[in-house]
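Residue numbers begin at 1 in each chain, while the letters A, B, ... track the order of the sequences. Heavy-atom basis, side chains included; hydrogens, waters and symmetry copies ignored.
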There are 2 protein chains.
Amino acid sequence: MNSPQRMRRATIRDVARAAGVHPSTVSRALGNGGQANALVNAETRARILRIAAELNFRPDIAARTLKTGQSHTVGVLLPDLTNPLFPPIVRGLEDRFAEDGFVVLLGNTDDDAQRGELVLEGLLSRGVDALVVATARRDGTQFLELSRRLPIVLINRVFDDQLVPSVATDEVAGVRMAVEHVYRLGHRRIAHVAGPQDLSTGRNRYRGYVAEMGRLGLTVEDSMVCRAGLYSPDEGSRCARELLQGPHERPTAIVAANDMLAIGCYQALHALGLNCPEDVAIVGFNDAPFSDLLSPPLTSIRFPHYQVGLEAAQLVLERIADPSAPIKVIFLPPELVVRGSTCTKSTT
Amino acid sequence: MNSPQRMRRATIRDVARAAGVHPSTVSRALGNGGQANALVNAETRARILRIAAELNFRPDIAARTLKTGQSHTVGVLLPDLTNPLFPPIVRGLEDRFAEDGFVVLLGNTDDDAQRGELVLEGLLSRGVDALVVATARRDGTQFLELSRRLPIVLINRVFDDQLVPSVATDEVAGVRMAVEHVYRLGHRRIAHVAGPQDLSTGRNRYRGYVAEMGRLGLTVEDSMVCRAGLYSPDEGSRCARELLQGPHERPTAIVAANDMLAIGCYQALHALGLNCPEDVAIVGFNDAPFSDLLSPPLTSIRFPHYQVGLEAAQLVLERIADPSAPIKVIFLPPELVVRGSTCTKSTT
DNA sequence: CTGTTAGCGCGTTCAG
DNA sequence: CTGAACGCGCTAACAG
C-alpha cells in the first residue's frame, strides 16, 4: 500500500521518469522483441523492471496494436456457444493461446448470414490477428478471400481443395470404429440409424457406415438403414422401430449417427420388449455427457474436442508467425468408449 | 469487384481524400458522438457515408480506443467454460452486448489464483471497459478495489454488504419451490439429499429446504437429510439408500440438491425395488439437458442462465453509461419444471 | 547500449 | 459548418 492510488494507469513514460531513462529504453527493457537480452544493459533493465512492477505498469495494448498492427487477439466465430460441442473447443483454443499471450474474442453467429456479417465486422475492426471459424453455413469463397489478408483456421469444415488450414474430427473413421466394434463382437446384421442427410455430419457418418460395411465384406441392405429427419430421440425411436419390425431378418446391432438417436433406439427396444445388449446392441455417437448415465450405459464414439481447439490454436499461431507456412489440414481420430450397450458385463 | 483489393484497410484519410474533404469532417460524419445530426452538412455527410461504404471503411478500434479510452470490449472472467452452467450465461452476455456494439473477451481462470491474476492482467491491459466476474474463489476485497476504477458486475456471487452490482439465481427460492411442489402433491415426509456443504450451492440449497419445511410447519428430522460429499450419482445413491433404509418411517419424496444426485436416487430406488414416482417422488435441481431423457423424466428446477447473462450485460452497460448509477443486486427466480418423477401422468 | 524523432488512425480541440 | 493541428501510448528507425 505504498503507491498512491491513481486513476490513470501508469504509462511507459511514468516508468521512464521514475527510472531516469528514456521511454524507448523502457520499451526495449520490457523485452517486446524477444531478443531483448542484448539490447539493454542488464542492470538498467533490472531496475526498469522493478520500477515497472512497483508502479503496477501494464502496457496499453491498444497503443501497441496501433503501432505494430498486432492485437494479440484472435476472433472465434461459431454458430452457438450453447451447443455442447463448442465449449471444450473454445477452452482448448484459449488454453493454447494463453501460453502465447493471446486472448480470444468471441462471436456467435447463429448461422445467420446477416448476424455473421455484423459479428465479423466487429472482430475485424478490432484488429484481430487471426480468425478461427467454426460456422457451417457460409460461403466458402468468402473465407478463401479473407484468408489472403488474415490467417484463418477452419474447424470441422474442410474445403475440398484444402486451400485453408483446418482442424476437423474424423467422423468417417468414427463410424467405422463403431461398426468394426460390433462386428468383432460377432454381429453381422448391423443396421444404421442415419442422421439428417442435408447435414454434413449425417452424410459423413452414413458414408462411414457404408465404407466399413464394405471393407468387412457385408452388404448394405436398404432395409438396414433408416434416415432420421432430425437428431432427436423421437426420430431415433421411429427409425429403430422401422428397422426392428420390418419383414426382413432383425438386425442384432444398431449404429446410431448420434446419441440422441441412440436414446430413441433405447425407447423403441423398451416398447418392443427387447433387451439391450442381449437382443440388440446399440452404439451412439458423440459421447454426450449423459451417455454413461443411461441404462445400459451407452457405448459411444468420443471426439477430442478439446484437442481440436488446441490444434487449431497451434495452427493459428504458426501462421501468424509465418503467414507463408504450408497449409495444414488435420484430422483428429475419435475414440471408442465401450459401455454396457454393446457388452454384457455385469455391473455391481 | 470494382474496388481494387488492397492489403491495408481503408483509413479515415482515404475516405476524406475520395470525398474531397478533411479527415476530421469524415470523423464527424461517422456520427461518433451521437449528436452528430447537426455537426455536419446533411448532403456532405450522405456523400461521405456512401464513399465510406464503397471503400469498405471500418474504423480502427485500436486507434479509437487509444484516443477515447473506450475499447467497447468487456472482459468475462469465469472458472471454466466447460461447466454447462456458463455457456448460456456467456451467450446472454454476448447477445445483449452485441446490441450496443460491445464484444466479449473471454478469460478462464480454473479457479486458480495465479492463472486468474494473469488472465485479469491480460484483460485489463487490453483496456476492457468493464468486467463480468463469475469466478468463485477470489478475494472479494480485490474486486471491491477494482470496482472503483472499472465497472464490475458479479455473477452468482453476492457480497453481503452489496457494494458491487451482481446478478444471481435465487437458489433458496428454487429449493423452496421444489419442497412446496411435493407438499402440494400430498407429501409430508420430504427428505433432502444435500450437496457438499463447503460449496455455496450446497449450503444455500440446504438452507432453502430447512426454510420451506419450517414455513410448511414440517419438522426437519436429522434422519431426513443426508449430505453428499460430491455432486455425483454415486453419492446420490449412497444418500438415498441411507434415507430409505433407515429404521425411521420412509420418506415419500426426495428433494435432491442437484440432478446428478437425483440420478443416484433413481439408481438406489431401482436397486431397492421401489418405483418412482409411486413409492417415492424425486425432484432434481438445475434441469440439466439430460433430465427429460431419464425414465421417468426428472422434475427439476430450471435456472434462467441466459437471462442472468442478459441482465448482467444490462447492468454493465448501465454502469458504463453512468458509473455513479446506483448499485443493483438482482436475484432471478428459477422455474419449476414438472415431469414424470413427481406426477403419475401416463406417457404415450 | 541509450536518446531522439516520428508516426500508427482516430477524435477533439480551436480557428476560421 | 469545415479545416488545421495536436496527442492518446507505444515502438521502430536512426543517431550518437
Side-chain angles (χ1 to χ4, degrees), chain A residues 6-49 52 55-73 101 124-127 129, chain B residues 6-49 52 55-73 101 124-127 129:
Chain A
R6 56 164 68 212
M7 281 317 288
R8 199 174 57 76
R9 280 207 334 247
T11 88
I12 210 171
R13 231 129 54 195
D14 300 323
V15 178
R17 203 176 309 124
V21 295
H22 194 271
S24 51
T25 307
V26 176
S27 175
R28 282 186 283 251
L30 297 180
N32 36 19
Q35 78 288 22
N37 38 18
L39 277 175
V40 66
N41 187 325
E43 62 186 62
T44 315
R45 178 182 151 85
R47 183 162 43 94
I48 291 174
L49 289 182
L55 269 84
N56 203 6
F57 168 81
R58 248 187 305 278
D60 181 333
I61 305 240
R64 176 183 291 171
T65 298
L66 186 57
K67 180 68 186 170
T68 64
Q70 298 235 321
S71 60
H72 282 229
T73 281
L124 290 179
S125 68
R126 274 170 185 81
D129 292 339
Chain B
R6 54 164 66 213
M7 283 316 288
R8 200 173 57 77
R9 279 207 336 247
T11 89
I12 209 170
R13 232 132 50 195
D14 300 322
V15 178
R17 204 175 307 124
V21 295
H22 194 270
S24 51
T25 308
V26 176
S27 175
R28 283 184 282 249
L30 296 180
N32 35 19
Q35 79 288 21
N37 38 17
L39 278 177
V40 66
N41 187 325
E43 62 186 62
T44 314
R45 177 181 152 85
R47 183 162 43 94
I48 290 175
L49 290 182
L55 265 64
N56 203 5
F57 169 80
R58 248 188 304 278
D60 181 330
I61 305 239
R64 176 183 290 172
T65 299
L66 186 57
K67 184 66 189 172
T68 64
Q70 298 236 319
S71 61
H72 282 228
T73 282
L124 289 179
S125 69
R126 274 170 186 80
D129 293 337

OP1, OP2 of [N] versus side-chain N and O of [X]: anything below 4.0 Å?
X: T25(B); N: dG3(D); value: yes
X: T11(B); N: dG9(C); value: no
X: H22(A); N: dT2(C); value: no
X: T68(A); N: dC8(C); value: no
X: R13(A); N: dC8(D); value: yes

Q | Which residue lies more 5' along DNA chain D, comparing K67(B) with F57(A) via nearest heavy atoms | A | K67(B)
Q | 5' precedence on DNA chain D between L66(B) and T44(B) (nearest-nucleotide basis) | A |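 Closer to the 5' end of DNA chain D: T44(B).
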Q. Taking the side chain of A63(A) as its heavy atoms from C-beta onward, which of dC10(C), dG9(D), dG3(C) lies nearest to it?
A. dG9(D)
In whole angstrom, give the distance that lies between atom [atom1] of [X] and atom [atom2] of [N].
X: D60(A); N: dG7(D); atom1: CG; atom2: C1'; result: 14 Å
X: D14(B); N: dC8(C); atom1: CG; atom2: P; result: 11 Å
X: R58(A); N: dC10(D); atom1: CZ; atom2: C1'; result: 16 Å
X: R126(A); N: dC10(C); atom1: CZ; atom2: C1'; result: 15 Å
X: R45(A); N: dT2(C); atom1: CZ; atom2: P; result: 12 Å
X: N41(A); N: dC1(C); atom1: CG; atom2: P; result: 7 Å
X: R64(A); N: dG7(C); atom1: CZ; atom2: C1'; result: 17 Å

Assign [X] to base, sugar-phosphate, or nothing according to its heavy-atom contacts below 4.0 angstrom with the strands shown.
X: S24(A); answer: base
X: T65(B); answer: nothing
X: I12(B); answer: sugar-phosphate
X: P23(B); answer: nothing

**Q.** Step-by-step side-chain contact (heavy atoms from CB on, under 4.5 Å) determination, V15(B) to I48(B)
**A.** CA-CA 7 Å; V15(B) 178; I48(B) 290 175; 4.2 Å; yes
Q: Describe, as an angle rounded to 10 degrees, how the axis at the first end of the helix from dC1(C)-dG16(D) to dG16(C)-dC1(D) is tilted relative to the axis at the last end, five pairs per end.
A: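 Comparing the first five pairs with the last five, the axes sit 40° apart.
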Q.
Looking at the base of dG3(D), is there any donor atom on it, or on the side chain of R28(B), that sits under 3.5 Å from an acceptor on the other one?
A.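 Side chain to base: pair present.
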Q: Please tell me if the side chains of R126(A) and T73(A) come closer than 4.5 Å, counting only heavy atoms from C-beta onward.
A: no
Q.
Contact between V26(B) and V21(B) at the side-chain level, heavy atoms closer than 4.5 Å - yes or no?
A.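 Sidechains of V21(B) and V26(B): in contact.
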**Q.** Interatomic spacing from CG in L124(B) to CD1 in I61(A) - rounded to 0.5 Å
**A.** 10.5 Å
Q | Spacing of S27(A) atom OG and R13(A) atom CZ [to the nearest 0.5 Å] | A | 12.0 Å
Q.
Keeping S125(A) on the side-chain end and R58(B) on the backbone end, is there a donor-acceptor pair under 3.5 Å?
A.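 Judged by distance alone, no pair lies under 3.5 Å.
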